[in-house]
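The shown structure was predicted, so the numbers you read here are calculated from the model rather than taken from an experiment. Below, read A as the first sequence line, B as the second, and so on, with proteins coming before strands; counting in each chain starts at 1. Only heavy atoms go into these numbers, but all of them, side chains included; no hydrogens, no water, no symmetry mates.
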Amino acid sequence: MIDPPNSDHELTLPDGSTRLVPAGTLPRDVVASIGAGLLRAAIAVEVDGQVQDLITPLRRGGTFRVLTEKDPKALDVLRHSAAHLLATAVRRLRPRAKIGFGPAIDEGFYYDFEVEEPFTPDDLAQFEAEMRKAAQEKFPFVRAEVNRAQAEKLFVDDPLKLERLAELGDDEVISVYTDGPFVDLCRGPHVPDTSRIKHFKLMHTASAYWRGDEHRQQLQRIYGTAWFSTAELDAYLHRLEEAKRRDHRTLGKELDLYSVDQRVGAGLILWHPRGAVIRNEIETFERDLILRHGYELVYTPHVMSERLFEISGHLENFRESMFGAMEVEGAAYRPKPMNCPGHICIYQAHQRSYRDLPIRYAEFGTVYRYERSGVLHGMLRVRGFTQDDAHVFCTPEQVDVEVGRLLDLVDEMLRVFGYPYTVELSTRPANAMGSPEVWAAAERALARVLAQRAQAYDIDAGGGAFYGPKLDFKLIDAIGRKWQGPTVQLDFNLPERFGLEYIGADNAPHRPVMLHRVLVGSMERFVGGLIEHYAGAFPLWLAPEQLRVIPITDELREPAASIAARAKAGGLRMSLDDRAQTLNYRIAEAERLKTPYMAIIGKREAVAGTVALREHRLGREQKPQVIPVDELIDRLTREVQTRALPGTLAGAGQRDAAD
RNA sequence: GCUGACGUAGCUCAACUGGCAGAGCACCUGAUUUGUAAUCAGGCGGUUGCGAGUUCGAUUCUCGCCGUCAGCUCCA
């Protein structure tokens, strides 16, 4: 609540007590009146849900809460101040550097500078040392509110700041913050002084467009991270290491899953046999799943006449990201960027009755999109990929049921891979087509279905596509990162453009609703994500090689070969390693490939009809498990059939840290 | 696409300011017959991403192209 100027503000403290303070009181004074210890610990305060620092005069009343280091919201304040500290250091060492923006971001902060020469890693080390010095100097962050003329004078040498200043409305408070030698046009909030910024590190430098506009100049951006404790900083750096260790590009090479080849072209994936096994298992699993869920499989061509994409509108909206046209007998053809037009044509191959609906067409459809060279990234961002695409054509009345079925399908699918997920409902954007009534009805339908199954969700207001609202599923991987997952989109546009119809019970034509949906999205991106999710140690059903049979000596080749043959007959993917190498060497190699199981055959096992089983996931400290061959095959076969996740096996030990 | 860095054997990486391109692993051959994460020896392997230029001489310097990486921008 914004109180009239000059009146008193009523503050409600967390314990329910209230205080009346004059407008313009500094939060610092309020906090001090609560306790001196609290003032020492205070980073900032939250008033009526707004974070502000201790030296910004109170302009409103409401709930009043002191933020200490324990509060996640204080972290943003720290990081924003760290950005100022960075600018302080840079300005000391590079007085001519012009300053841009320096906000807090997810795991740290950055500051943009306009300089003649790009920064080098050496520069970064110097800046960081200078930051530590400035932190020790314990400069207080001092806030001042100035008028426009004063501000223009302060930033006369900083054109980027002047540009920002010019955008501020006349009714807005212009505040500047000073820490020691550095002054910045800034809304705040900030920590009390620079000595609060202790646990930080400059990460890397990169360039960024001013205001994020690729037509404006590029600035030099320095990224850093800052935390309230060494432990948190170390944990963050450790998370980065962990992410690097799981990088699908490195593991993809080490595990021989895929490659790209300059001669083939950037962003085009070559699936090696071991990677193809994973993809094929996923496709087979999903194919069975969707057939059970009432889908029909279709196939459509990879190259289609450009006229089709004129009808669909893709050409007009996405020409820049489509592969170029090729001319065939005077007509232009293009690699398809989407599968929908093909599925629509199949729908339109017959006249449809309401009795036929819903119709659900599914295809593992390979599409090609021109992505700018700078955005390509391993398997995650490519120019050719296979979508597990499907389109549901239904009556408006069937939308609820169909969306419900999709939620079931998504849940069944994601559980198998061990991904928790969140759901986001994206609603009508400004440039939406179709009537607001239809949109509202569709959004209500989506929300209703989510509510029916008590599925929690966030709303991304205005985040829908112009042609319809959508549900986005975000996967959470093994180290807590979010990935784009399944999407379900309602489409009011394509049925209109293509003139889709069905004959209703009233014997009149009606327009069906179209649902687009993908589960994994793209096989390339999904498998890339799985590599990182599992850190290359796939669950048995996906493992390229499930079992490696290793006889200890040459004399045991025969019994080992017969065990291998039995495993193969049992449907397991296995190999026999009877090379004249030491046992240790062969185990090391199988471990390097993260082979889930090794069956080692010595004299004792050959005589007893057993194997000494070694499990990759148990790591270095493990005792071989001596079990009968039948049991081995039963156990592994069952593990494959149940698609057991690593760590969910009966009697499974802790996963090895060196996984 | 833009900015910066980079591209050397299948992989990971060396080679001071321009002066005969090297190592480990992998691979091949031979020896070793191994009890749970790399046995020993020998050998093969390169138009230094591609193409121009400067130079007596280019992995090294310059330009163009291709690709990779970190960001930015973009992602139906």
Using purine N1 to pyrimidine N3 plus N6-O4 or O6-N4 for Watson-Crick, or N1-O2 and O6-N3 for G-U wobble, both under 3.5 Å, which nucleotide pairs with B:G51? B:C63

Determine: side-chain N/O of A:Thr582 to OP1/OP2 of B:U39, distance under 4.0 Å, yes or no. yes

Expressed in whole Å, how much space separates the C1' atoms belonging to B:G49 and B:U68? 11 Å

Parallel, tilted or perpendicular for A:Phe119 and A:Phe113, by the 30°/60° rule? perpendicular

Of the nucleotides B:U34, B:C72, B:A76, which one has an atom closest to the side chain of A:Pro337? B:A76

Please determine, for B:U68, whether a Watson-Crick or G-U wobble partner exists with both distances under 3.5 Å, and give it or none. B:A5

Under-4.0 Å side-chain N/O to phosphate OP1/OP2 contact, A:Tyr585 with B:C40: no

Let me know the distance between CD1 of A:Ile222 and C1' of B:C72, rounded to the nearest Å. 15 Å

Between A:Ser321 and B:C75, is there a contact of a side-chain N or O with OP1 or OP2 at under 4.0 Å? no

Pairwise P distance for B:U39 and B:G18, with rounding to whole Å: 43 Å

When we call it a touch if two heavy atoms are under 4.0 Å apart, what does A:Pro118 touch: a base, just sugar-phosphate, or nothing? sugar-phosphate

Contact class for A:Phe119 (heavy atom, under 4.0 Å): base, sugar-phosphate, or nothing? nothing

Nucleotide opposite B:G24 in a Watson-Crick or G-U pair, distances under 3.5 Å: B:C11

So, is A:Arg372 close to the B:G71 phosphate, meaning a side-chain N or O under 4.0 Å from OP1 or OP2? no

The nucleotide from B:G71, B:U39, B:C75 with an atom nearest the side chain of A:Ala206 is B:G71

Is the phosphate of B:G10 approached by A:Lys253 (side-chain N or O, under 4.0 Å from OP1 or OP2)? no

Please name the nucleotide paired to B:U29 by Watson-Crick or G-U wobble geometry with both distances under 3.5 Å, or report none. B:A41

A:Ile105 CD1 - B:G71 C1' separation (whole Å): 11 Å

Candidates B:U36, B:C72, B:G35 - which lies nearest the side chain of A:Tyr209: B:C72

Rounded interatomic separation in angstrom, taking NE2 from A:His272 and P from B:G10: 14 Å

Inter-nucleotide C1' distance (B:G67, B:U29), Å rounded: 37 Å

Using only heavy-atom distances, decide whether a donor-acceptor pair under 3.5 angstrom links the side-chain of A:Glu605 to the base of B:G35. yes

Using atom P of each nucleotide, how far apart are B:C61 and B:A15 to the nearest Å? 13 Å

Hey, what's the ring geometry for A:His343 with A:Tyr361, parallel, tilted or perpendicular (30° and 60° as the breaks)? perpendicular

Toward the 5' end of RNA chain B, by each residue's nearest nucleotide, A:Met322 or A:Arg614: A:Arg614

Could you please name the option among B:U34, B:U39, B:U68 that lies closest to any side-chain atom of A:Ala266? B:U68

Are A:His204 and B:G4 close enough that a side-chain N or O sits under 4.0 Å from OP1 or OP2? no

Base of B:U33, side chain of A:Asp554 - is there a donor-acceptor contact under 3.5 Å? yes

Between B:U3, B:U39, B:A70, which nucleotide gets closest to the side-chain atoms of A:Asn584? B:U39

Taking for each residue the nucleotide of RNA chain B bearing the nearest heavy atom, is the 5' side occupied by A:Leu556 or by A:Thr205? A:Leu556

Pick the P atom in B:U59 and in B:G19, then give their distance to the nearest Å. 10 Å

Classify A:Ala612 by what it touches in the nucleic acid, base, sugar-phosphate, or nothing, heavy-atom distance under 4.0 Å. base

Taking any heavy-atom pair under 4.0 Å as a contact, classify A:His377: base, sugar-phosphate, or nothing. sugar-phosphate

Looking at the side chain of A:Thr553, which of B:G4, B:U36, B:U34 is the nearest nucleotide? B:U34

Give a yes or no on whether a donor-acceptor pair under 3.5 Å exists between the nucleobase atoms of B:A76, that is its base, and the side chain of A:Arg369. yes

When all nucleic acid strands are considered with a 4.0 Å heavy-atom cut-off, which category describes A:Leu376: base, sugar-phosphate, or nothing? sugar-phosphate

OP1 or OP2 of B:U68 under 4.0 Å from side-chain N/O of A:Arg249: no

Let's test this: given Watson-Crick or G-U wobble pairing with both distances under 3.5 Å, identify the partner of B:G57. none

Would you mind telling me which of B:G1, B:U36, B:A76 lies closest to the side-chain atoms of A:Ile587? B:U36

Closest nucleotide among B:U33, B:U39, B:C74 to the A:Ala580 side chain: B:U33

May I ask you to verify whether the side chain of A:Arg381 and the base of B:C74 hold a donor-acceptor pair under 3.5 Å? yes

Quick one: label A:Gly602 by what it contacts on the DNA or RNA (base, sugar-phosphate, nothing), any heavy atom closer than 4.0 Å. base

What is the distance from CZ of A:Arg586 to P of B:G35, rounded to the nearest Å? 10 Å

What is the distance, to the nearest angstrom, from the CD atom on A:Gln581 to the P atom on B:C28? 10 Å

Identify whether any heavy atom of A:Tyr223 sits under 4.0 Å from a base atom; if not, whether one sits that close to sugar-phosphate; answer base, sugar-phosphate or nothing. sugar-phosphate

Using a distance-only criterion (donor-acceptor N/O pair, under 3.5 Å, no hydrogens), is the base of B:C2 paired with the side chain of A:Gln218? yes

Would you please test A:Trp210 and A:Glu163 for side chain to side chain donor-acceptor pair (under 3.5 Å) and show each step? CA-CA 11 Å; A:Trp210 168 235; A:Glu163 183 180 327; 3.1 Å; yes

Mind checking whether A:Tyr368 and A:Phe323 have parallel, tilted or perpendicular rings, split at 30° and 60°? perpendicular

Using only modelled atom types and a 3.5 angstrom limit, is any donor from either the side chain of A:Ser207 or the base of B:G4 paired with an acceptor on the other? no

Among B:U34, B:A76, B:G35, the one nearest any side-chain atom of A:Phe318 is B:A76

Over how many whole Å does the gap from A:Glu116 atom CD to B:G4 atom C1' extend? 17 Å

Would you call A:Glu116-A:Arg96 a salt bridge at under 4.0 Å N-O? yes

Rounded distance in Å between the C1' positions of B:C56 and B:G7: 28 Å

Need one value for A:Arg221: base, sugar-phosphate or nothing, where a base atom within 4.0 Å counts as base even if backbone is also close, heavy atoms only. sugar-phosphate

Does some side-chain heavy atom of A:Val90 sit less than 4.5 Å from a side-chain heavy atom of A:Tyr111? no

Does the pair A:His272 and A:Ser259 meet the rule for a side chain to side chain donor-acceptor pair (under 3.5 Å), with working shown? CA-CA 7 Å; A:His272 295 197; A:Ser259 61; 2.7 Å; yes

Please report, rounded to the nearest Å, how far the P atom of B:C72 is from the CE atom of A:Met203. 14 Å

Would you mind reading off the distance between A:Gln262 atom CD and B:C69 atom C1', rounded to a whole angstrom? 14 Å

Ring geometry between A:Phe393 and A:His391 (parallel below 30°, tilted from 30 to 60°, perpendicular above 60°): tilted

For B:U36, the nucleotide meeting Watson-Crick or G-U wobble distances (both under 3.5 Å) is none

Between B:G43 and B:U54, how far apart are the C1' atoms? Round to whole Å, please. 40 Å

